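What you are looking at is a predicted structure, and each value in this text was computed from that prediction instead of being measured. Lettering follows sequence order; numbering is per chain, from 1.
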There are 2 protein chains.
Amino acid sequence: MNAPEEHVLQSIEARRRAQPRLTDAKVTTAHGAGGKAQEALLTSLILEAYGSEQLRLQDDGAVVDVARSARLVFTTDSFVVTPRVFPGGSLGRLAVFGTVNDLAVMGAEPKWLAVSFLLEEGFDMDELRGLAEDIAAASREVGVEIVTGDTKVVERGKGDGVYVNTSGIGILADSVALGADQVRPGDKVIVSGPIGDHGTSVMLARGELALEGDVRSDCAPLADIVASLLAAVPHTRWMRDPTRGGLASACCELAAASGLALRLHEDRIAVRPAVRAACELLGLDPLYVANEGTLVAVVPADAADVAVSTLAAYDIGRDAAVVGTIDTDPGGLVLLETAFGGTRVVDRLVGDPLPRIC
Amino acid sequence: MNAPEEHVLQSIEARRRAQPRLTDAKVTTAHGAGGKAQEALLTSLILEAYGSEQLRLQDDGAVVDVARSARLVFTTDSFVVTPRVFPGGSLGRLAVFGTVNDLAVMGAEPKWLAVSFLLEEGFDMDELRGLAEDIAAASREVGVEIVTGDTKVVERGKGDGVYVNTSGIGILADSVALGADQVRPGDKVIVSGPIGDHGTSVMLARGELALEGDVRSDCAPLADIVASLLAAVPHTRWMRDPTRGGLASACCELAAASGLALRLHEDRIAVRPAVRAACELLGLDPLYVANEGTLVAVVPADAADVAVSTLAAYDIGRDAAVVGTIDTDPGGLVLLETAFGGTRVVDRLVGDPLPRIC
């Protein structure tokens with residue numbers, strides 16, 4: 001190749017001086033096009049918020065080291081909650097904690113996250129910056145590293161501002177053996193705190209209900225409390241964070257997967273008065289309302305007290321309690337002994353009383 | 001707890017008989033609510049299409065075994081291509097191959113996928129079934145296992161039918177050392193085939209251009225061809241699949257990351273006549289048009305012939321060629337010697353000439 005001509009030399013010089021800058025106040029499709037605008041978004045906004053060494057490489061993926069022979073847990077979740085900020089939480093915190101909690105209840109130590117934004121053209125750049133910072137703060141709080149990500153932009157009217165997908169990898173200790181197949185008749189069902197806070201908080205935050213109420217989402221990471229529970233009760237049988245569909249759906253899933261019966265006692269399941277009041281007005285059963293920082297666990301009966309006191313050592317587990325027992329009959333179903341002394345079958349919902357709650 | 005009363009026994013019996021069935025022709029928000037409708041969608045559609053043992057467990061994540069001390073590659077990508085079917089490919093194949101290719105060009109053997117659907121209320125259930133089957137077929141073709149997933153539904157007007165996010169994990173052999181920091185002056189730049197097929201095919205498939213043309217997307221998995229290249233040329237320096245932003249953007253990224261110059265020869269970069277013609281009509285430069293089954297690699301000069309013949313043994317690498325050389329000056333930039341003998345700087349694009357191409 002020949003030496004460049006003068007106009008090429010000038011062009012080279014101009015290119016060297018021109019670093020991409022993020023000056024746009026709103027998202028445009030160019031911010032998802034793989035060109036300079038996307039580069040500016042990445043360097044000036046994403047890497048500012050959570051620029052791990054891995055992310056700065058701007059490779060197509062992230063290399064992570066697994067120190068020794070290991071079992072990994074891999075999970076993914078999309079977050080479409082509306083509104084994006086609500087008492088006690090936000091889309092960003094939800095997107096981090098939701099995936100962290102999925103790893104935690106699988107018994108894994110959360111390690112690495114991938115964060116993918118699906119942006120609508122016209123989305124406010126300052127809000128995106130706030131969201132990225134929120135995600136960064138939440139991941140630091142939990143000690144997980146954001147190692148890879150993606151950004152796509154769709155046209156106006158083809159999204160709703162921003163949706164976030166997070167995927168996560170955690171490392172599972174050899175000692176952990178969790179699963180519906182580990183559950184035995186006589187085992188105890190434990191819930192770490194009052195139910196229904198998250199879903200109720202989001203519904204109230206939508207402001208469509210002309211309802212006032214001091215209800216805060218329970219949005220919180222469960223990694224620490226789960227690690228303590230597994231340390232104190234290594235034979236913990238099964239865990240879930242009862243998000244969409246609430247405690248009822250999580251219990252129905254366990255009943256179906258194990259073929260055993262869950263017998264729950266309504267009066268042992270804590271529901272805050274403000275949540276109960278709001279749910280009554282909304283025609284909702286708190287049993288079906290999403291939680292985002294609440295744990296349901298099944299432990300051997302002789303470990304129930306230790307489990308409850310272990311959870312109760314945490315702020316978010318202060319109201320931990322045994323709420324039910326595993327039985328053989330009616331296999332595959334959940335029975336609730338109501339506060340009035342009757343018994344009813346708790347089933348999964350057919351419809352969606354609370355869309356876009358997470 | 002007392003023995004159930006008669007009405008409870010009847011309720012138990014009714015629940016046992018009633019298995020969730022997917023009868024809806026359109027997606028509703030209930031299909032994302034964590035209740036029976038979602039259960040029906042999962043068992044009757046998702047698990048039918050790609051029900052791995054892991055997915056059937058319906059846990060919050062998947063446990064995967066890493067046989068020994070390992071480095072993993074972790075990647076994520078959202079897919080918003082429109083239209084969802086185009087000559088040579090589809091949203092489903094793109095969603096699998098896109099993530100598989102990101103793992104492959106990082107040097108990893110693709111192993112596990114997470115698939116997340118973001119559905120718009122009213123989306124056609126049969127199309128969703130077709131999409132899931134398409135994803136299943138593509139993952140079988142590549143030999144990756146779909147081990148976890150998620151489904152969310154947003155209201156009408158807040159999406160565009162369906163968006164898919166896939167995350168992936170691959171295992172990186174100890175011998176692989178790829179990266180912009182491995183590239184040396186004198187190394188050769190190799191491209192596996194003609195460029196611009198994917199983006200042009202999608203643009204033509206939108207039918208907005210009243211253009212006819214026999215252009216098919218290059219949408220294909222790169223895992224095998226990459227594995228062969230790494231076996232034949234273990235000191236391969238760097239690889240990318242030039243998707244959004246095309247070959248030009250991938251080369252600009254390498255130049256920026258390595259601080260070295262790329263000197264490309266336009267007449268060695270294959271472009272199909274139909275693609276060139278369509279690009280001319282659209283005012284596009286094929287260098288910037290997305291590819292989805294094309295590899296760009298940098299190899300030591302003395303391995304260039306072996307690299308080209310290795311790629312050429314594959315159908316998708318038939319037209320592999322050396323298209324350029326790594327130089328020290330002008331560091332950080334890409335120069336193109338045009339077919340007319342001139343030289344120009346190739347820069348990253350500012351805008352987005354081809355939105356929603358992947």
Pick one of side chain, backbone, both or neither for A:Val80, based on which atoms fall under 4.5 Å of a heavy atom in chain B.
->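 Looking at A:Val80, just its side chain touches chain B.
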Do B:Ser78 and A:Ser116 have side-chain atoms, one donor and one acceptor, less than 3.5 Å apart?
->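 The criterion, which ignores hydrogens and geometry beyond distance, is satisfied for A:Ser116 and B:Ser78.
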Separation between CG of B:Asp77 and CG of A:Asp150, rounded to the nearest 0.5 Å =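 One gets 4.0 Å once the value is rounded to the nearest 0.5 Å.
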Residue part contacting chain B, namely of A:Ser249, when any heavy atom lies under 4.5 Å |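 Contact with chain B is through the side chain of A:Ser249 alone.
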Does a side-chain heavy-atom distance below 4.5 Å link B:Lys152 with A:Cys358?
->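 The answer is yes, as the side chains (C-beta and beyond) meet within the 4.5 Å cut-off.
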Region of B:Cys252 that comes under 4.5 Å of a non-hydrogen atom in chain A |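 Contact with chain A: none, neither part.
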If you count heavy-atom pairs under 4.5 Å between each of B:Ala250, B:Gly107, B:Gly159, B:Pro355 and chain A, which one has the most?
->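 Heavy-atom pair counts peak at B:Gly159.
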Would A:Leu72 and B:Leu72 count as a side-chain contact (heavy atoms from CB on, under 4.5 Å) if you check the C-alpha gap in whole Å, the side-chain angles of each, and the deciding distance to 0.1 Å?
-> CA-CA 11 Å; A:Leu72 305 172; B:Leu72 305 173; 3.0 Å; yes
Using non-hydrogen atoms and a 4.5 Å limit, figure out which bit of B:Ala37 sits close to chain A: side chain, backbone, both or neither.
->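 Backbone plus side chain of B:Ala37, per the 4.5 Å heavy-atom cut-off to chain A.
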Just jot down the side chain to side chain contact (heavy atoms under 4.5 Å, CB included) partners of A:Ala173, sequence neighbours excluded, or say none.
->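 With sequence neighbours excluded, A:Ala173 shows a side chain to side chain contact (heavy atoms under 4.5 Å, CB included) to A:Ser175, A:Val176, given in chain and number order.
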Measuring from B:Leu118:CG to A:Leu118:CG, what's the distance to the nearest 0.5 Å?
->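 One gets 6.5 Å once the value is rounded to the nearest 0.5 Å.
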Could you look at A:Thr151 and say if it's the side chain, the backbone, both or neither that has a heavy atom under 4.5 Å from chain B?
->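 Backbone only.
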Contacting moiety of A:Leu254, where chain B heavy atoms sit under 4.5 Å |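 Nothing of A:Leu254, per the 4.5 Å heavy-atom cut-off to chain B.
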Identify which part of A:Tyr163 has an atom lying under 4.5 Å from any heavy atom of chain B, answering side chain, backbone, both or neither.
->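 For A:Tyr163, side-chain heavy atoms alone lie under 4.5 Å from chain B.
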Distance from B:Leu113 atom CG to A:Phe74 atom CZ, nearest 0.5 Å?
->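 Nearest 0.5 Å value for the CG-CZ distance: 7.0 Å.
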What's the spacing between A:Arg356 CZ and B:Glu121 CD if we round to 0.5 Å?
->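 Separation between the atoms: 10.5 Å.
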Assess whether side-chain contact (heavy atoms from CB on, under 4.5 Å) is satisfied between A:Val154 and B:Asp160, documenting all intermediate values.
-> CA-CA 9 Å; A:Val154 295; B:Asp160 192 12; over 6 Å; no
Taking every heavy-atom pair that is under 4.5 Å apart, which of A:Thr28, A:Val345, A:Val153 has the most such pairs with chain B?
->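 If we count pairs closer than 4.5 Å to chain B, A:Val345 comes out on top.
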Measure distances from A:Asp329 to the heavy atoms of chain B and classify the residue's part below 4.5 Å as side chain, backbone, both or neither.
->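 A:Asp329 touches chain B through side-chain heavy atoms alone.
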Top contributor to chain B contacts, counting heavy-atom pairs under 4.5 Å, from A:Ala108, A:Gly245, A:Gly157 =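 Among A:Ala108, A:Gly245, A:Gly157, the one with the most close pairs to chain B is A:Gly157.
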Region of A:His7 in contact with chain B, defined by heavy-atom distances below 4.5 Å =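 Just the side chain, heavy atoms under 4.5 Å.
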So what's closer than 4.5 Å to chain B heavy atoms on A:Asn165: side chain, backbone, both or neither?
->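 Only the side chain of A:Asn165 comes within 4.5 Å of chain B.
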